[in-house]
Structures are given as structure tokens and as C-alpha cells.
Amino acid sequence: MSKVLVIAEHDGAILNPSTAKTVACAASIDGASVDVAVFAATAGPIASEAAKLASIARVVTYERSENEYALAAIIAPQIVAVAGEYTHIFGPSTTFGKDLMPRVAALLGVNQISDIMSVESSHTFKRPVYAGSAIATVEAPMDAILVATVRIASYSAVTDNNSALIESGDPSVADIPTHTRFIEVKSGATDRPDLQTAVKVVSGGRALASAENFDIIYRLADKLGAGVGASRAAVDAGYVPNEMQVGQTGKIIAPDLYMAIGISGAIQHLTGIKDAGTIVAINKDEEAPIFEVADIGLVADLFTAIPELTEALD
Amino acid sequence: MEKILVGLKRVVDYNVRVRVKSDGSDVETDGVKMSINPFDEIALEEALRIKERGEASEVIVISVGTVDAQQQLRTGLAMGADRAILVESNSPVDPLGLARTFKSIIDRDDIDLVILGKQAIDDDNSQTAQMLSAIWGRPQATFASKFDVAGNKATVTREVDAGLEVIEIDLPAVVSTDLRMNEPRYVKLPDIMKARKKPLELIAISDLGIDQGPEIKSLMFEPPLERERGVMVDDVAGLVAALKEKGLA
Ligand SMILES: Cc1cc2nc3c(=O)[nH]c(=O)nc-3n(C[C@H](O)[C@H](O)[C@H](O)COP(=O)(O)OP(=O)(O)OC[C@H]3O[C@@H](n4cnc5c(N)ncnc54)[C@H](O)[C@@H]3O)c2cc1C
Ligand SMILES: Nc1ncnc2c1ncn2[C@@H]1O[C@H](COP(=O)(O)O)[C@@H](O)[C@H]1O
């Protein structure tokens with residue numbers, strides 16, 4: 001039987017929604033028993049949140065002061081120390097999980113599976129390759145521990161009506177490395193919905209032409225209660241910060257509504273929005289590839305269409 | 001710092017529309033344009049800049065793959081790398097095997113810093129740098145957009161979901177590059193000529209005695225579910241109506 005350990009993602013205070021999606025993937029393995037591990041300086045409130053996640057058996061907390069920041073070099077050896085009990089160890093394919101899980105796998109002497117999008121059996125999974133241009137079915141050996149990241153855009157969060165057992169664990173690792181030190185995180189955090197979990201997202205591309213012009217995107221987003229994203233071109237040009245990038249090398253998202261405004265629809269961008277419910281494209285070029293995947297398309301100049309749209313929504 | 005090792009993977013060019021072979025055994029790579037993985041060009045550019053600032057003395061490029069990867073290594077030499085190593089393998093090597101291969105070169109050549117791409121755009125694994133630093137027991141600075149060396153330490157800015165994270169690491173270390181770290185230089189014709197004379201060493205992967213670890217097998221490949229072209233509306237009023245109909249506005 002499969003025994004899966006899901007590594008919780010959090011910011012020291014709040015459980016990241018990626019955890020509930022990773023649990024959903026783990027729980028889709030037939031007959032799996034799922035534990036959630038919280039590595040933190042103070043795990044209390046995070047563990048209480050995690051204990052509510054449906055389908056899990058228990059939450060295990062690993063508290064030590066070194067765990068204040070999620071540094072892979074520090075957390076990986078602690079995961080390795082408790083890995084023996086499990087057949088699978090899963091993390092989200094967010095920057096947190098992508099940074100951490102390969103380090104865990106290498107310390108355990110196994111290869112890792114990245115971006116699971118569906119579970120075929122306990123050791124067989126589907127994952128995207130070539131920016132989503134192909135879907136590979138991959139199989140890991142049965143006789144080794146399986147370490148993987150879960151493509152969170154492929155899963156809906158499990159519900160939060162559980163009250164799982166919370167235990168405190170002891171990752172008896174003697175020498176935690178000191179060669180990697182956290183300094184700070186600079187974020188352009190706003191009150192807008194988080195891009196990765198927002199139900200609606202409005203994104204702007206190179207066509208916006210300046211940081212100031214992005215204002216019309218923000219205004220439309222606020223009217224819709226949407227999160228705001230961007231193409232790589234818009235980020236590279238400095239119109240918006242990096243954490244807003246959607247795509248192969250940015251965030252992979254699955255909102256109910258995605259609006260691509262002044263974005264051409266390069267494959268690297270499209271791979272980030274494939275799972276969106278409805279895609280709306282506004283572009284002045286009727287030949288733009290984005291229209292090939294859009295559910296609703298409008299050929300228009302965004303500088304007139306967006307203010308008009310914002311006005312028309314009430 | 002003396003030596004920087006940079007991984008250059010030969011991959012299908014990012015402009016190619018990749019298609020799955022009709023028998024599902026792989027993707028079509030015959031006759032397709034191949035290039036250096038874009039993140040690896042950035043890794044090499046960063047290494048060259050570090051050397052040009054006088055903070056390192058040698059930049060070595062390495063590729064694991066078939067003899068065809070010599071082409072990408074030659075491009076790397078033309079960009080300015082001092083020498084190249086091709087570890088020849090006719091079957092694809094998973095990240096753990098790559099990490100162990102790189103580690104054996106690190107030990108042999110006394111490498112101080114390794115710069116890899118944050119992901120190879122073919123397998124999209126994003127694992128090799130993390131695995132290498134794990135088995136080397138050294139810091140990892142993944143998804144880096146800024147890298148400043150100061151003696152035996154470095155300050156690195158990482159592109160993370162929350163924004164920009166700054167960490168300090170001791171050297172030696174492994175860095176993986178994000179796209180915004182730099183703009184790789186263009187190769188000039190005279191540099192291509194000069195690169196022909198630079199050393200390119202060939203090693204068979206079997207000679208390194210690498211245990212590639214438990215293999216993850218690719219059983220089959222299939223095209224993704226395509227989204228279908230939807231409707232076009234004539235104006236903003238039409239868009240609003242369409243959104244309302246779907247309950248989205
Ligand atoms: C390795 C690699 C990884 C990458 N990863 C990503 C990624 O994660 N995410 C990503 O987005 N890209 C990524 N890219 C870049 C990608 O290939 C494209 O270059 C990028 O998505 C283009 O952004 P864009 O659509 O905003 O700009 P453009 O392609 O320049 O498109 C601008 C669009 O705006 C339209 N337009 C112009 N003016 C107006 C107007 N007034 N009104 C309406 N429409 C207008 C134009 O018709 C055009 O279609 C990656 C590239 C590489 C090589
Ligand atoms: N075959 C290879 N040869 C040289 N470098 C590689 C190879 N495969 C991966 N790398 C390096 O490791 C990085 C991450 O690759 P991956 O973990 O496969 O996504 C790449 O950007 C390269 O720098």
C-alpha cells in the first residue's frame with residue numbers, strides 16, 4: 001500500500017493553497033494513506049490549517065529554529081531523515097517545491113518526477129514536456145522511494161472539513177548546514193487575489209507599452225475581482241514585477257476566467273493557461289495565435305476596448 | 001575563485017513546434033533545429049561576466065549527450081568559454097546521473113562554481129542543479145536573476161512565486177539561472193574561427209563509472225488535449241454579453 005508524505009508549503013504563518021492541491025494528487029493514488037509534514041520554526045497555526053484537509057491521516061510537525069525560512073538545503077536532510085516510513089514524497093511544483101524536492105530525491109539516491117498532472121497507478125503518472133507540447137507517461141521503479149512534484153494547476157484543492165491528528169515529529173538531523181542564509185523577500189504584494197489561486201485573472205502583454213499603461217489592466221481586474229498576470233515580454237520590459245509572469249517559466253494557472261490582453265499567444269505563454277475555464281483574448285491582430293485557443297475573441301485596440309469594457313461592467 | 005563549470009544542453013530550439021511521433025514512442029526530432037538550452041546560454045553569459053570582472057580565471061562548458069552536442073559546445077567556446085568537455089552518452093541521462101557526472105568532473109578539475117540553467121526546455125525537469133548541490137553537499141541558488149560574488153561568499157537574488165528572494169551562500173555552490181539574469185552576447189564570426197582551436201575533451205560516460213540511479217521510464221508520449229477555437233465577438237458590448245452568458249461578469 002502507498003504511504004505518501006506531502007510537504008506543506010507555507011510562509012511561516014499561513015498554509016499555501018498549493019498544499020491542498022498536492023494532497024488531492026496524493027489522495028488520487030488508489031488506497032493511499034496521506035500524511036502532511038510541516039517544517040517550520042513554529043508550526044501550530046499552519047498545522048491546524050493542514051489538519052482540516054480532507055483525505056489526510058495525520059499532520060506531523062517538525063519544529064526547529066532553522067526552519068524559519070524554507071531553504072532547501074536546510075529542510076531536505078530533515079525530510080530524508082523521516083522518509084523511511086513512506087513510499088512516496090510529494091511537494092507542489094511551485095518555486096518552493098521545485099527547489100526542494102530534487103534535493104530530497106538526490107539525497108535519497110533516486111530520480112524525481114516533475115509536474116505530475118495525473119496519476120495512472122501508484123508508480124505511473126502523466127506529466128507535460130516540451131512546454132506542454134507533449135504529455136509523457138512515466139513509470140518509476142516499484143522498489144525505490146518515489147519523489148515527485150505535483151502540477152498544482154491540474155488539481156482542485158481537497159475540501160477542508162477534516163480534523164486529522166496532529167503529531168510532533170523529530171527529524172533527528174545532527175548537522176543542519178549553515179552555508180545558505182536567508183536575507184529577505186521583496187514582493188510587490190497587493191490586496192488583489194493571488195495569481196495562482198484567483199478564480200479570475202486578467203493579464204497584459206507587451207502591447208501595454210509601459211508600466212503606467214498597465215493601470216488600465218489593474219482597473220479592469222479590480223472591477224472583476226481578478227488577479228493580475230503578464231506575459232514574459234511585459235515582465236522583461238519592466239512593466240510589472242517577475243512574480244506576475246504566466247507561462248512555462250512563470251506561473252502555471254487554472255482560473256475560471258483568463259483574459260489575455262495584448263498578448264500574442266506564444267506556446268510558452270499558452271502552456272501556463274491551458275487549464276483555464278474560459279479564455280478571452282483581446283488583440284488588434286486578428287491573426288494572433290492567442291485566438292486559436294480563445295473561447296471568446298475580440299479584435300480591437302486594447303487602449304479603447306479595455307476602458308470601455310471596464311466601464312460596461314457593473 | 002578559479003574555475004566555473006557551465007552545463008550546456010543540446011535541445012530542440014524553442015521556436016520549433018514540437019510534435020509527438022505517430023507511434024507515441026517519442027517526439028519528432030529528426031531534421032529539427034537544435035540549439036543550446038536558452039537558460040544555459042544565460043548561465044554561460046553570467047560565467048563569462050564573472051571571469052571578465054576578474055573574479056574567476058577559467059570557464060569550462062560541459063555537455064552530456066551524443067557527439068552532436070559538440071556543435072553546442074563549439075558555440076559555447078565561441079561565446080568565450082576556455083575549454084569544453086563532452087561526456088558522450090547515446091541514451092538520455094536523467095538528472096541524477098547528470099548530477100553524478102558533473103560531480104565527478106568537479107572532483108577531477110577542482111571546480112569552484114557551477115552554473116546551470118533553471119530547466120531544460122525539452123524535459124522541463126528543473127532538477128539537475130538541485131541534485132548536484134545535494135550530492136556535493138553545497139548551497140544551491142536556484143532560479144537566480146542576480147549573482148554577486150564577494151570573496152568566498154555570494155549574494156543571490158532568486159525569482160520565487162512570492163517575488164524576489166535574496167539569499168547569501170558560501171562558495172563553492174551551484175546556481176541555476178532564470179531568464180532575466182542577463183542577455184547573452186551574440187557570437188561573432190572571428191570568435192567562431194578562434195573557437196576551433198580551443199580544447200574540446202571527449203569522455204565516454206562509461207569511463208566515469210556513473211551509477212545513474214533507478215531509472216524513470218517514459219512509456220509513451222501523446223499530444224496534449226487541444227483547446228478549440230471559440231467565438232469571435234464584434235465589439236465590447238458583444239464581449240460583455242458573452243461573459244454574462246457564462247456567468248463570468
Ligand atoms: C525559454 C523561454 C521561456 C519563456 N517563458 C515564457 C513564459 O513563461 N511566459 C511568457 O509569457 N512568455 C515566455 N517566453 C516568451 C514567449 O516566447 C514570447 O516572447 C512572449 O510570451 C511574448 O509576449 P507578448 O505576447 O506580450 O508580446 P508579443 O509577442 O510582442 O505580442 C504582443 C501582442 O500585442 C498585440 N497588440 C499590440 N498593440 C496592441 C493594441 N494596442 N491593442 C491590442 N493588441 C495589441 C500584438 O498584435 C501582439 O499580438 C519564453 C521564451 C523562452 C525562449
Ligand atoms: N545533457 C546535459 N548536458 C549538459 N547540461 C545539462 C544536461 N541536462 C541538463 N543540463 C543542465 O541542467 C539544467 C537543468 O536541466 P533539467 O534539470 O533537465 O531541467 C540545464 O539547464 C543544463 O544547464
Side-chain angles (χ1 to χ4, degrees), chain A residues 72-73 76 94-95 98-99 102-103 105-107 109-115 128-141 144 179-188 196 224 232 236 241-243 249 251 256-257 274 278 291-298 305 308-309 312-313, chain B residues 12 14 17-18 20 27 94-96 99 119 121-127 130-131 133-135 138-140 142-143 145 159-170 179-180 213-224 227 229-233 236-237 239-240 242-243 246 248-249:
Chain A
T94 53
T95 52
K98 283 190 205 167
D99 186 46
R103 192 164 181 115
L107 292 175
V110 294
N111 272 297
Q112 192 228 260
I113 297 176
S114 296
D115 306 315
V129 291
Y130 291 91
S133 300
I135 306 299
T137 302
V138 296
E139 182 186 55
H179 54 50
T180 306
R181 296 168 294 275
F182 175 87
I183 296 181
E184 60 174 335
V185 174
K186 299 179 221 167
S187 76
Q196 268 158 314
L224 287 162
R232 179 185 164 202
D236 285 359
N242 68 287
E243 64 264 30
T249 52
K251 287 176 180 158
D256 291 349
L257 171 66
K274 275 203 171 129
T278 298
F291 288 127
E292 286 163 32
V293 300
D295 300 284
I296 308 172
L298 172 63
E308 199 184 318
L309 175 61
L313 296 167
Chain B
V12 172
Y14 80 95
R17 279 223 166 200
V18 174
V20 175
V27 300
D94 280 339
L96 184 64
Q119 77 198 67
I121 60 162
D122 48 5
D123 57 39
D124 281 331
N125 271 326
S126 193
Q127 299 174 12
Q130 298 87 315
M131 289 198 164
S133 43
I135 58 177
R138 297 304 309 165
Q140 65 186 45
T142 52
F143 327 140
S145 58
E159 295 206 350
V160 297
D161 291 338
L164 297 172
E165 181 188 271
V166 183
I167 58 171
E168 185 186 65
I169 55 173
D170 296 337
L179 290 169
R180 277 174 286 276
E215 184 196 2
I216 292 180
K217 290 201 187 84
S218 293
L219 303 182
M220 70 159 183
F221 294 84
E222 59 199 312
R227 293 186 73 104
R229 187 183 261 276
V231 298
M232 298 299 285
V233 292
V236 169
L239 175 55
V240 172
L243 286 173
K246 288 182 178 259
L248 292 166

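Throughout, a chain's letter reflects where its sequence line sits, starting with A, and its residues are numbered from 1.
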Exercise for review: Please assess A:Gln112 against B:Gln130 for the test side chain to side chain contact (heavy atoms under 4.5 Å, CB included), listing each intermediate value before the final yes or no.
Suggested key: CA-CA 11 Å; A:Gln112 192 228 260; B:Gln130 298 87 315; over 6 Å; no

Point to revise | Step-by-step side chain to side chain contact (heavy atoms under 4.5 Å, CB included) determination, A:Val110 to B:Leu96 | key: CA-CA 7 Å; A:Val110 294; B:Leu96 184 64; 5.5 Å; no

Exercise for review: Starting from the C-alpha separation in whole Å, work towards a yes-or-no answer on side chain to side chain contact (heavy atoms under 4.5 Å, CB included) for B:Asp170 and A:Arg181.
Suggested key: CA-CA 9 Å; B:Asp170 296 337; A:Arg181 296 168 294 275; 2.7 Å; yes

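Interatomic distance, CZ of A:Arg232 versus CZ of B:Arg180, reported as 6.5 Å (0.5 Å rounding). With values rounded to the nearest 0.5 angstrom, B:Leu164 atom CG is found 6.5 Å from A:Glu243 atom CD. Interatomic distance, CD1 of A:Ile296 versus CG of B:Leu248, reported as 7.0 Å (0.5 Å rounding). A distance of 9.0 Å separates CD1 in A:Ile113 from CD in B:Gln127, rounded to the nearest 0.5 Å. Of the inter-residue distances, the one linking B:Glu168 atom CD with A:Glu184 atom CD reads 12.0 Å to the nearest 0.5 angstrom. Rounding to the nearest 0.5 angstrom, the gap separating the CG atom in B:Asp161 from the OG1 atom in A:Thr94 is 5.5 Å.
If you measure heavy-atom distances from B:Val27 to chain A, the contacts under 4.5 Å come from the side chain alone. For B:Lys217, the parts sitting under 4.5 Å from any heavy atom of chain A are the backbone and the side chain alike. Residue contact with chain B, scored on non-hydrogen atoms closer than 4.5 Å, involves the backbone of A:Ala294 exclusively. Using a 4.5 Å cut-off between heavy atoms, A:Leu313 contacts chain B through its side chain alone, with no backbone atom that close. Looking at A:Lys251, only its side chain comes within 4.5 Å of chain B, counting heavy atoms on both sides. Heavy atoms closer than 4.5 Å to chain B are found nowhere in A:Ala76, neither backbone nor side chain. For B:Gln119, the part lying near chain A is the side chain, with the backbone staying farther off; criterion is any non-hydrogen pair under 4.5 Å. Contact annotation for B:Val20: only side-chain heavy atoms (C-beta onward) come within less than 4.5 Å of a heavy atom of chain A. With a 4.5 Å cut-off on non-hydrogen atoms, A:Pro241 does not touch chain B at all.
Remark: the A:Arg103 side chain and the B:Ser133 side chain contain an N/O donor-acceptor pair separated by less than 3.5 Å.
Although no hydrogens or angles enter the test, the distance criterion places no donor-acceptor pair under 3.5 Å between the side chain of B:Gln140 and the main chain of A:Ala73.
Chosen from B:Pro95, B:Pro139, B:Gly213, B:Ala162, the residue pairing most often with chain A at heavy-atom distances under 4.5 Å is B:Pro139. Counting heavy-atom pairs under 4.5 Å between each of A:Pro141, A:Ala72, A:Ser114 and chain B puts A:Ser114 at the top.
What you find for B:Arg229 and A:Phe291 is that their closest heavy atoms are CG-O, 3.6 Å. Nearest heavy atom pair, residue B:Phe143 against residue A:Thr95, reads CE1-O, 3.6 Å.
Tested against B:Ser218 for a side-chain contact (heavy atoms from CB on, under 4.5 Å), the candidates A:Thr137, A:Val138, A:Val129 yield a single pass: A:Val138.
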